[in-house]
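Below is one structure; the comments refer to it alone.
Reminder, nothing fancy here: chain letters follow the sequence lines and each chain counts from 1.
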Number of protein chains: 2
Amino acid sequence: MRLSTRTRYGIRAMLELAENVGRGPLQLRIIARRQDISVKYLDQLMTILKSAGFVRSIRGSKGGYVLARAPEQIKLNDVFNCLEGPVVTVECTENENYCARAADCVARQVWTQVQEAVMAVLQSITFQDLVDRTKNNKSPDYQI
Amino acid sequence: MRLSTRTRYGIRAMLELAENVGRGPLQLRIIARRQDISVKYLDQLMTILKSAGFVRSIRGSKGGYVLARAPEQIKLNDVFNCLEGPVVTVECTENENYCARAADCVARQVWTQVQEAVMAVLQSITFQDLVDRTKNNKSPDYQI
DNA sequence: TAATATACTACTAATATCGTAGGAATTGGG
DNA sequence: CCCAATTCCTACGATATTAGTAGTATATTA
Ligand code: FES
Ligand code: FES
């Protein structure tokens, strides 16, 4: 149950874009440098995020990436699902027919519980929330 | 974030032992047949569970495995940890020094939240709970 | 001693992860 | 028009992990 770098990098890249909203396109090169990720690898991740409709790209000079939707409309769960795949994949939670006695199986119930707990957290957080959290972290003056 | 068969099989094997408490040792062969797992593979899993102190083994004829502790004293979280490794491993949640700006990083905060959610579920369930659930599933007469 | 179990070690096929590499296509600016 | 910057696309490879298989040694009971 370890997260892939794909997911971790992808979400951090999305966060960079969320923080850059309103300032035009952000280049791979910049994101990669700020987040310490290989440009070429990030390149591939952005392709995934693009085809999933989370980001838009502007080609050519002065191009880059922007979020396709407002940061408050993108839940972490969506992006997670896109990069990491369905949360906690145990075949039988998705497909009743996978195991013979799925209806009674308590193990399956447990994995469903875990799955729902993870999804609840990720669904409750948007990228705007993360941007706000970052601001709070960076300006402790505003805290009591 | 997909569970390994190691974890899934291991927990199901532990559940078999929990259901067998008080009836002497249970053989690999039996567990493997009931849970549809390769005997030899299960063999290795039991070695892990044994060295972690969750089960005891009785060698030789009429031997087998028993739980090392009472089912109500073994939390799912313990066994999970032993088989799957630390819940949601993102290095920086464990090791502050892994990422440079770990203190401020909101991504890290998210993974910590997810981690805690999973652990909360797994820590709230013991093998005795699972045994009870199984009974309820198998005798719906007792339900209102 | 024979049958039944666990214990231990080694090997393997398949798959996924985490990149690296190179070049094609597109765009903006001089 | 040309150049630099940038995304787009495809292929490759090294490494690690997973999910077993296989064979043999050791212990126990009857
Ligand atoms: S239903 Fe799939 S493990 Fe029980
Ligand atoms: S601290 Fe590790 S990803 Fe931010």
Side-chain angles (χ1 to χ4, degrees), chain A residues 1-13 16-17 20 24-33 35-68 80 82-86 89-91 98, chain B residues 1-13 16-17 20 23-33 35-68 80 82-86 89-91:
Chain A
M1 195 132 121
R2 181 221 226 132
L3 290 177
S4 61
T5 62
R6 189 166 60 239
T7 301
R8 298 193 289 119
Y9 293 174
I11 287 198
R12 276 153 59 194
E16 286 290 337
L17 294 184
N20 199 60
L26 193 59
Q27 290 85 38
L28 276 185
R29 187 171 46 81
I30 309 282
I31 301 175
R33 190 176 55 215
Q35 291 290 338
D36 199 32
I37 304 171
S38 145
V39 178
K40 282 298 199 177
Y41 189 38
L42 186 58
D43 181 348
Q44 294 173 47
L45 303 189
M46 295 310 281
T47 302
I48 300 175
L49 291 171
K50 189 190 168 191
S51 65
F54 295 118
V55 303
R56 280 191 311 113
S57 65
I58 295 95
R59 300 186 66 169
S61 183
K62 306 279 177 186
Y65 288 90
V66 293
L67 287 190
F80 186 99
C82 159
L83 293 167
E84 189 82 10
T89 302
V90 184
E91 296 308 327
Y98 189 76
Chain B
M1 197 130 123
R2 179 219 228 136
L3 290 177
S4 61
T5 62
R6 189 165 60 240
T7 300
R8 298 192 288 120
Y9 294 173
I11 288 198
R12 275 152 61 192
E16 286 289 337
L17 294 183
N20 198 60
R23 296 185 214 158
L26 194 59
Q27 291 86 38
L28 277 185
R29 188 170 44 83
I30 310 283
I31 302 175
R33 191 178 53 216
Q35 292 289 338
D36 198 31
I37 304 172
S38 144
V39 178
K40 283 298 200 177
Y41 189 38
L42 188 57
D43 181 347
Q44 295 173 44
L45 303 189
M46 295 311 280
T47 302
I48 300 175
L49 291 171
K50 190 191 167 189
S51 65
F54 295 118
V55 303
R56 281 191 310 111
S57 65
I58 295 96
R59 300 185 66 168
S61 184
K62 305 281 175 186
Y65 288 90
V66 293
L67 286 190
F80 186 99
C82 160
L83 293 166
E84 189 82 9
T89 300
V90 182
E91 295 308 325

Looking at B/V39 and B/A32, what are the two nearest heavy atoms and their distance?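 So the two residues come closest at CG2-CB, 3.7 Å.
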
Tell me the closest heavy-atom pair linking A/G10 and A/L45, and the distance in Å. N-CD1, 4.1 Å

Contact interval (first through last nucleotide) of DNA chain D with protein chain B, 4.0 Å heavy-atom: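 For DNA chain D, the relevant span reads D/dT18 to D/dT29.
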
Would you tabulate the side-chain donor-acceptor contacts of residues 47-54 of chain A under 3.5 Å, counting partners in other chains and residues two or more places apart, or write 'none'?
from  : atom 1 : to    : atom 2 : distance (Å)
A/T47 : OG1    : A/D43 : O      : 3.1
A/K50 : NZ     : A/S57 : OG     : 3.2
A/S51 : OG     : A/T47 : O      : 3.3
A/S51 : OG     : A/I48 : O      : 3.1

Atom [atom1] of [X] to atom [atom2] of [N]: distance rounded to whole Å?
{"X": "B/M46", "N": "C/dA5", "atom1": "CE", "atom2": "P", "answer": "15 Å"}
{"X": "B/L49", "N": "C/dA7", "atom1": "CG", "atom2": "P", "answer": "12 Å"}
{"X": "A/L28", "N": "C/dG19", "atom1": "CG", "atom2": "P", "answer": "15 Å"}
{"X": "B/L3", "N": "C/dA16", "atom1": "CG", "atom2": "P", "answer": "16 Å"}
{"X": "A/L42", "N": "C/dC18", "atom1": "CG", "atom2": "P", "answer": "14 Å"}
{"X": "B/L45", "N": "C/dA7", "atom1": "CG", "atom2": "P", "answer": "13 Å"}
{"X": "A/R56", "N": "C/dT26", "atom1": "CZ", "atom2": "P", "answer": "18 Å"}

With salt bridge (Lys or Arg N to Asp or Glu O under 4.0 Å) as the rule and sequence neighbours excluded, what pairs involving residues 1-13 of chain A come up?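 Every salt bridge (Lys or Arg N to Asp or Glu O under 4.0 Å) pair that includes a residue of residues 1-13 of chain A, provided the two are not neighbours, is A/R2-B/E91.
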
Does the pair B/L3 and A/M1 meet the rule for a side chain to side chain contact (heavy atoms under 4.5 Å, CB included), with working shown? CA-CA 6 Å; B/L3 290 177; A/M1 195 132 121; 4.1 Å; yes

Any side-chain heavy-atom pair from A/K62 and A/P25 closer than 4.5 angstrom?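 The answer is no; the side chains never approach within 4.5 Å.
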
Compare side-chain N and O positions of A/S38 against OP1 and OP2 of C/dT20 and report whether any pair is under 4.0 Å apart.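 True: A/S38 side-chain N/O within range (under 4.0 Å) of C/dT20 OP1/OP2.
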
Looking at A/L17, A/I58, A/N20, which hits side-chain contact (heavy atoms from CB on, under 4.5 Å) with A/Y65?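 Single side-chain contact (heavy atoms from CB on, under 4.5 Å) partner of A/Y65 among A/L17, A/I58, A/N20: A/L17.
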
Check the interface with nucleotides 8-15 of chain C: list each N/O to N/O pair with the protein under 3.5 Å, or write none.
from  : atom 1 : to    : atom 2 : distance (Å)
C/dC8 : N4     : B/D43 : OD2    : 3.3

CZ on B/R33 to CG on B/L42, rounded to 0.5 Å: 13.0 Å

All N/O contacts under 3.5 Å from nucleotides 27-30 of chain C to the protein, with atom names and distances to one decimal?
from   : atom 1 : to    : atom 2 : distance (Å)
C/dT27 : O2     : A/S61 : N      : 3.0

Identify, with sequence neighbours excluded, every residue that meets side chain to side chain donor-acceptor pair (under 3.5 Å) alongside A/Y98. none

